[in-house]
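This report refers to the structure that appears directly beneath it.
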Amino acid sequence: MRNEIVLVVDDDPEHLSLVERYVSSFGLQCKSAGSGFEAIENLKTENISLVVTDMVMPGMDGMELLKKIKRHHPHIDVIVMTGYSEQYSYIDVIQAGATDFIAKPFKRDEFSAKLDRAFRERDLLSELRESKEKAEAASRTKTDFLCTISHELKTPMNGILGFTWLLSNADLPPKEMEYVQLLGQSSNRLMKLINQILDFSALEARTSSTKPHHFHLKDVFEEIFVAAQPRAEAKGLLLHHEIDEFLLERVLFGDQFALQQILYNLTDNAIKFADSGQIDITVKKSMVLSGDTVELQFSIKDQGCGIHKEKQDAIFEPFTQAEGYMTRKHEGAGLGLAICAKLVDMMNGEIWLESRVGEGSVFYFSAQMHMA
Ligand code: ADP
């Protein structure tokens, strides 16, 4: 037997007592009210789970009562009893927030099925809500943990990098110098990973937001080239960029550093996954949204290994790589694109790709900016 109280509201005493009998016969506690006003008073004092109300009543009709219940007691389910050819349709009743409706006259079994369904759905919803709350709490704990641990790791890592740099400038025998260089490479890789985890967890926890200021696109591209050119050259790759004439001289207002980070990650991947050819980075204005807001579309094209069609959707998820763990040739934790996706989202844009295995990939993203 359920420990629930059902409130039946009907101005017709005969129908009211019939429905009352039905409710009690299902082992539920029943309260009754002869009008909408009486029902409202009952709701203030009793712990009601479900209201079954007639539609046509003098003073306050079922629709008005339903709206009042949904406004002041949104957790209470309401089943509306409607007669044929009434002012309100089934759609009106459901849109106003009713759980269900039942056409009068109805049989005991039909009513029992409606009550059963209302309670089942409520149980299911509360289970779902509970699991969602648990999952969100677990995810918050995980994000906090990642944030704290990566922050704590950075301090000793800075020490290791600093002393490695001092050692690399010391007068060491060749063998030891080689060890120091290897130590430097590994430390830099580890630092990159720590920074990625920190960035990702901050974005996941939404503790970072866009920090807009005025900038020129050509400065963004210059930064990317200074950072990426040496690696591209070392692999014999040609870096090429093209900025839409319209944008070249414009002063933009937006998050320059988020934009730089996305472009850098995508260019870095293009260099990592290509062994020959050219890498083209382009930007054009895709549309003027309103007044001074424009949407820019960026593309980063390489002639590298490409990505299998079935892997393409998943690669924006964190810790995901297109290559299998055992067959991987390249380093990385699968966080770069997940960070890009979150940053793009922060700039009200979208990120997507076109890729063919053996031919190369083009990563596109859009971002909204203001023109100064
Ligand atoms: P990682 O740091 O592991 O490279 P990313 O999130 O940047 O992580 O990329 C995820 C995966 O997507 C990569 O491991 C790779 O399999 C695939 N990928 C990304 N960019 C390219 C590219 N330009 N060409 C081919 N594969 C790519």
Side-chain angles (χ1 to χ4, degrees), residues 143 146 150 153 157 185-204 208 224-225 227-229 231-242 257-283 297-347 349-367:
T143 307
L146 282 178
S150 39
L153 285 171
M157 267 319 291
Q185 279 168 17
S186 300
S187 312
N188 275 319
R189 261 159 56 184
L190 191 52
M191 193 59 161
K192 183 179 167 194
L193 178 62
I194 293 169
N195 280 332
Q196 278 192 330
I197 295 176
L198 196 56
D199 283 349
F200 181 74
S201 42
L203 285 164
E204 177 114 295
S208 38
I224 301 297
F225 269 66
Q229 187 83 37
R231 282 196 57 217
E233 258 173 29
K235 286 188 83 176
L237 297 163
L238 213 68
L239 266 190
H240 172 258
H241 78 279
E242 213 173 297
F257 297 107
L259 183 62
Q260 239 159 257
Q261 194 174 355
I262 303 167
L263 279 170
Y264 182 76
N265 280 354
L266 297 178
T267 310
D268 196 46
N269 276 348
I271 298 172
K272 183 155 77 171
F273 294 102
D275 291 322
S276 61
Q278 181 163 311
I279 292 165
D280 293 299
I281 312 170
T282 66
V283 51
Q297 186 181 305
F298 296 82
S299 70
I300 296 88
K301 181 175 178 210
D302 67 59
Q303 295 164 353
C305 60
I307 303 167
H308 273 287
K309 189 114 199 82
E310 65 271 22
K311 301 274 183 183
Q312 289 181 11
D313 285 341
I315 58 166
F316 294 105
E317 296 297 322
F319 306 108
T320 306
Q321 284 155 331
E323 311 142 87
Y325 180 73
M326 302 298 283
T327 52
R328 255 171 66 195
K329 285 194 298 189
H330 304 95
E331 62 183 65
L335 275 176
L337 291 180
I339 292 172
C340 289
K342 291 214 177 280
L343 290 171
V344 166
D345 190 49
M346 244 167 58
M347 293 197 283
E350 281 181 47
I351 186 163
W352 70 101
L353 78 147
E354 284 166 11
S355 184
R356 287 170 84 95
V357 172
E359 290 179 23
S361 314
V362 194
F363 280 81
Y364 298 93
F365 70 94
S366 57

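Everything numeric in this text was worked out from a predicted model, so none of it was measured. What's counted below: heavy atoms across the whole structure, side chains too, no hydrogens, waters or symmetry copies. Counting starts at 1 for both ligands and their atoms, in listed order. Along the sequence shown, residues carry numbers from 1.
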Atom CG of Asp313: over 12 foreign heavy atoms under 6.0 Å: no

Is a donor on one side and an acceptor on the other found under 3.5 Å between the side chain of Asp302 and the backbone of Ser361? yes

Mark yes when over 12 heavy atoms from residues, nucleotides or ligands other than Arg231 sit less than 6.0 Å from its CZ; otherwise mark no. yes

For Ala228 versus Thr267, what's the shortest heavy-atom pair and its separation? CB-CG2, 4.1 Å

Could you pull out, from Leu337, Val357, Asn269, the option with a heavy atom nearest to atom 6 (O) of ligand 1? Leu337

Short list, please: which atoms of ligand 1 are under 4.0 Å from a heavy atom of Leu335? 6 (O), 8 (O)

Could you say whether the N/O atoms of Gly334 and ligand 1 ever approach to under 3.5 Å? yes

Where's the contact between Ala274 and ligand 1, heavy-atom distance under 4.0 Å: side chain, backbone, both or neither? neither

Donor-acceptor pair, Gln303 side chain versus Gln278 backbone, under 3.5 Å? yes

Return yes if some donor-acceptor pair links the side-chain N/O of Lys235 with the main-chain N/O of Lys272 below 3.5 Å, else return no. yes

Atoms of ligand 1 close to Cys305 [distance to a heavy atom under 4.0 angstrom, numbered from 1]: 25 (C)

Using the rule side chain to side chain contact (heavy atoms under 4.5 Å, CB included), only one of Thr282, Ile281, Leu259 pairs with Phe298; which is it? Leu259

Ligand 1 versus Asn265, non-hydrogen atoms closer than 4.0 Å: side chain, backbone, both, neither? neither

Tyr364 and Glu350: side-chain donor and acceptor closer than 3.5 Å? no

Mark up the atoms of ligand 1 that fall under 4.0 Å of a heavy atom belonging to Gly336, in ascending order. 5 (P), 6 (O), 7 (O), 8 (O)

May I ask whether Phe316 has any heavy atom positioned less than 4.0 angstrom from an atom of ligand 1? no

Are Lys311 and ligand 1 in contact, using a heavy-atom cut-off of under 4.0 Å? no

Of all the heavy atoms in Ser361, does at least one lie under 4.0 Å from an atom in ligand 1? yes

Suppose I only count heavy atoms of Phe363 and a 4.0 Å limit; which atoms of ligand 1 are within that range? 20 (N), 21 (C), 22 (C), 23 (N)

Heavy-atom proximity to atom 18 (N) of ligand 1, picking from Ile300, Thr267, Ile307, points to Ile307

Tell me if a side-chain donor or acceptor on Gln312 pairs with a main-chain N or O of Ser355 at a distance below 3.5 Å. yes

Numbered atoms of ligand 1 (with element) below 4.0 Å of Lys272, judged on heavy atoms: 1 (P), 2 (O), 4 (O)

